[in-house]
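Notes follow once the structure below has been shown.
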Amino acid sequence: VVALWGLIVVASAAIIISLLADALSTDQTFVNTPEALTAQQQIDDLGITDTIVEQVVFTVAQGSLREPARLAAADRLAAQIQGLGPAVVAQVVPPSAQPQALVSASGRAATMPITMAGNVNTVYENVPKVLALTRSFDGSQGIDAKVTGIASINEAVNRQSEKDLQ
């Protein structure tokens, strides 16, 4: 009787293995098309890339960023950042070329978008160059200039973490 049960178990295992071989695979795919996959396919079809845009935020305590001397100073910073080259910066929109929507109604604050070049990894390597130029500019013509965006925030968090671990 024990031998018969053993034979049945072995035969059952052989049948299960032979039937599952076609049903099992190491391929990983979705059974259906979830919204996330559909969205990613649409992004890929449109050729949209993961661009990282940093923002230089200009502020003045008194007066306006629309004053010619201040506007010229901010444009010089834009030219210096663009001068880092196409491997670092894809595009900088200088303040003089910006639509009014990027300047506050009072004229005391404005943003300057910087489209970084490369992918996420190279952006994190290159954003310190943009930050250094902005730090050297900060205070020129009474303008405070700060950089914000995912890459600059990541750089600041990493710098602080390294300092904390020392």
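Ile150 CD1 to Tyr124 OH: the interatomic distance, rounded to the nearest 0.5 Å, is 5.0 Å. Annotation: the span from Ser12 atom OG to Trp5 atom CH2 amounts to 9.0 Å, rounded to 0.5 Å. Distance CD/Gln141 to CG/Leu77: 12.5 Å, rounded to 0.5 Å. Going from atom CZ of Arg70 over to atom CG of Leu65 covers 6.5 Å, rounded to the nearest 0.5 Å. We find the OG1-CD distance between Thr51 and Gln91 to be 10.5 Å, quoted to the nearest 0.5 Å. Of the inter-residue distances, the one linking Glu67 atom CD with Gln62 atom CD reads 10.0 Å to the nearest 0.5 angstrom.
Pairing each heavy atom of Pro95 with each of Leu71, the nearest pair is CB-CD1, 3.7 Å. Minimum heavy-atom separation, Leu102 to Pro113: CD1-CD, 4.1 Å. When all heavy atoms of Val103 and Ala110 are compared, the pair lying nearest together is CG2-CB, 3.9 Å. When all heavy atoms are compared, the tightest approach of Met116 to Val88 is CE-O, 3.7 Å. Closest approach of Ala74 to Met112, counting heavy atoms only: O-SD, 4.4 Å. Considering all non-hydrogen atoms of both residues, Pro94 and Asp75 come closest at CB-OD1, 3.4 Å.
Looking at Val123 and Glu125, their side chains never come closer than 4.5 Å, going by heavy atoms from C-beta outward. A 4.5 Å side-chain heavy-atom check between Thr148 and Glu54 finds every atom pair outside the cut-off. The side-chain heavy atoms of Ser64 and Arg108, taken from C-beta on, include no pair separated by under 4.5 Å. With a 4.5 Å cut-off on side-chain heavy atoms, Phe137 and Ile143 count as touching. Side-chain contact between Ile81 and Thr134 is present, with heavy atoms from C-beta onward closer than 4.5 Å.
Ser152 pairs in a side chain to side chain contact (heavy atoms under 4.5 Å, CB included) with only one of the listed residues (Val157, Val56, Leu131, Ile114), which is Leu131.
For Lys146, the salt bridge (Lys or Arg N to Asp or Glu O under 4.0 Å) partners are Asp138, not counting sequence neighbours.
A 6.0 Å sphere centred on CD of Glu35 holds no more than 12 heavy atoms belonging to other residues, nucleotides or ligands.
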| task | Begin from the C-alpha positions of Val130 and Leu84 and carry the test side-chain contact (heavy atoms from CB on, under 4.5 Å) through to its verdict. | result | CA-CA 8 Å; Val130 173; Leu84 291 172; 3.9 Å; yes
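Glu162 and Asn158 are not linked by any side-chain donor-acceptor pair at a separation below 3.5 angstrom, with hydrogens and angles left out of the test.
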